[in-house]
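Notes to accompany the following structure.
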Amino acid sequence: QARPVESGGGSVQTGGSLRLSCDISGYERNDYCMGWFRRQTPGSEREEFADIYIRDGTTSYAETVQGRFTITKDKNTLYLQLDDVKTEDTGMYYCSAAFRGVWDSCRRALATFRNWGQGIQVTVYP
């Protein structure tokens, strides 16, 4: 499968909005989870903060982004709407997809993803 291709990043002021897109062609299967990770500082671990289960549209968010970020999917594109951004949202953002299968959550399924794209930088300034 091809690596995902993220786009739409950039610089935005605190409190502003941004929308990220990800081409996930080849991953759109009914029993798949899709999600967004970010690496907030160089060399740190990527952390998953938003995911969606394609079969029923269930979404899940980390507390740090709950109520501010929205994950959606349309055909072979995964989106992330960032609203009311904070400086701590600065980082490299990556999208991912994984077969849900026997995993009891999308978070656990997505932890198996290894086919990373280049990611996209988001910078939030005061």
Side-chain angles (χ1 to χ4, degrees):
Q1 288 168 315
R3 296 177 187 275
V5 179
E6 300 90 352
S7 62
S11 296
V12 59
Q13 193 169 22
T14 299
S17 296
L18 206 61
R19 190 171 84 153
L20 306 184
S21 301
C22 175
D23 182 348
I24 46 166
S25 300
Y27 290 96
E28 62 276 17
R29 298 287 189 271
N30 200 36
D31 199 34
Y32 261 64
C33 296
M34 295 179 178
W36 287 93
F37 286 68
R38 66 185 178 187
R39 194 199 303 270
Q40 292 177 283
T41 57
S44 64
E45 291 284 323
R46 289 184 188 92
E47 296 183 352
E48 196 248 80
F49 60 88
D51 57 60
I52 182 168
Y53 185 33
I54 302 308
R55 173 166 284 178
D56 62 11
T58 301
T59 58
S60 177
Y61 299 93
E63 286 187 12
T64 52
V65 306
Q66 178 78 47
R68 301 188 299 118
F69 291 6
T70 305
I71 184 172
T72 55
K73 178 187 174 293
D74 182 24
K75 297 180 182 177
N76 61 359
T77 303
L78 186 69
Y79 298 98
L80 182 70
Q81 178 68 36
L82 296 76
D83 295 315
D84 189 25
V85 295
K86 304 176 181 181
T87 54
E88 52 263 42
D89 294 322
T90 293
M92 284 293 288
Y93 284 65
Y94 303 84
C95 62
S96 62
F99 182 58
R100 174 78 178 258
V102 299
W103 296 105
D104 61 3
S105 71
C106 278
R107 178 174 294 271
R108 291 181 184 273
L110 289 168
T112 66
F113 184 77
R114 295 291 181 269
N115 197 27
W116 300 105
Q118 292 193 335
I120 193 76
Q121 178 69 34
V122 172
T123 302
V124 182
Y125 57 92

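Keep in mind the model is a prediction, meaning the values are calculated, not measured.
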Could you report the tightest heavy-atom contact between Val85 and Arg68, atom names first, then the distance? CA-NH1, 3.7 Å
Okay, side chain of Arg107, backbone of Asp104: is any donor-acceptor separation there less than 3.5 Å? no
Same cluster (ILVMFWY, side-chain, under 4.5 Å), Val5 and Leu110: no
Are Ile52 and Phe37 connected in a single hydrophobic cluster, I mean Ile/Leu/Val/Met/Phe/Trp/Tyr linked by side-chain heavy atoms less than 4.5 Å apart? yes
Let me confirm one number: the CG-OH distance from Asn115 to Tyr94, rounded to the nearest 0.5 Å. 13.5 Å
Taking Arg39 for the side chain and Ser44 for the main chain, is one N or O donor matched with an acceptor at less than 3.5 Å? yes
Nearest-0.5 Å distance, CZ of residue Arg19 to OG1 of residue Thr70: 11.0 Å
Give a yes or no on whether the backbone of Ala50 and the side-chain of Glu48 come within a donor-acceptor separation of less than 3.5 Å. yes
Please give me the minimum heavy-atom distance between Thr112 and Ala98, naming the atom from each residue. OG1-CB, 4.0 Å
Could you tell me if the ring centre of Phe49 sits under 6.0 Å from that of Tyr93? yes
Can Val124 be reached from Val65 by stepping across I, L, V, M, F, W or Y side chains whose heavy atoms are under 4.5 Å apart? yes
Both conditions, 6.0 Å and 45 degrees, for the charged tip of Arg3 above the ring of Trp116: are they met here? no
Co-membership, hydrophobic cluster, residues Val122 and Met92, 4.5 Å side-chain: yes
Within 6.0 angstrom of Glu88 CD, more than 12 heavy atoms from elsewhere: yes
Could you give me the CA-CA distance, side-chain angles and deciding distance for Ile24 and Tyr32, then say whether side-chain contact (heavy atoms from CB on, under 4.5 Å) is met? CA-CA 11 Å; Ile24 46 166; Tyr32 261 64; over 6 Å; no
Quick check against the 3.5 Å criterion: does Thr14 have a side-chain atom that pairs as donor or acceptor with the backbone of Tyr125? yes
Can you tell me if CD on Gln118 sees more than 12 non-hydrogen neighbours from other groups inside 6.0 Å? no
Leu20 side chain near Leu82 side chain, heavy-atom distance below 4.5 Å: yes
Using the rule that Ile, Leu, Val, Met, Phe, Trp and Tyr join whenever any side-chain heavy atoms are under 4.5 Å apart, tell me whether Leu18 and Tyr61 fall into a single cluster. yes
Where do Ile71 and Trp36 come nearest, in terms of heavy atoms and distance? CD1-CD1, 3.6 Å
Closest approach of Ala109 and Phe99, non-hydrogen atoms and distance? CB-O, 3.8 Å
Any chance you could lay out the side-chain contact (heavy atoms from CB on, under 4.5 Å) test for Tyr53 and Ser105, step after step, and finish with the verdict? CA-CA 9 Å; Tyr53 185 33; Ser105 71; over 6 Å; no
Lys75 side chain to Thr77 backbone, donor-acceptor under 3.5 Å: no
Let's go through Gln81 and Ser17 carefully: what are the C-alpha distance in whole Å and the side-chain angles of both, what is the deciding distance for side-chain contact (heavy atoms from CB on, under 4.5 Å) to 0.1 Å, and is it a yes or a no? CA-CA 7 Å; Gln81 178 68 36; Ser17 296; 3.9 Å; yes
Intermediate values then yes/no, side-chain contact (heavy atoms from CB on, under 4.5 Å), Arg38 and Thr64: CA-CA 12 Å; Arg38 66 185 178 187; Thr64 52; 3.8 Å; yes
Between Arg100 and Cys33, what is the shortest heavy-atom contact and its length? CD-SG, 3.5 Å
Asp51 side-chain N/O to Cys106 backbone N/O, donor-acceptor pair under 3.5 Å: no
Output for pair (Thr72 OG1, Met34 CE), nearest 0.5 Å, gives 12.0 Å
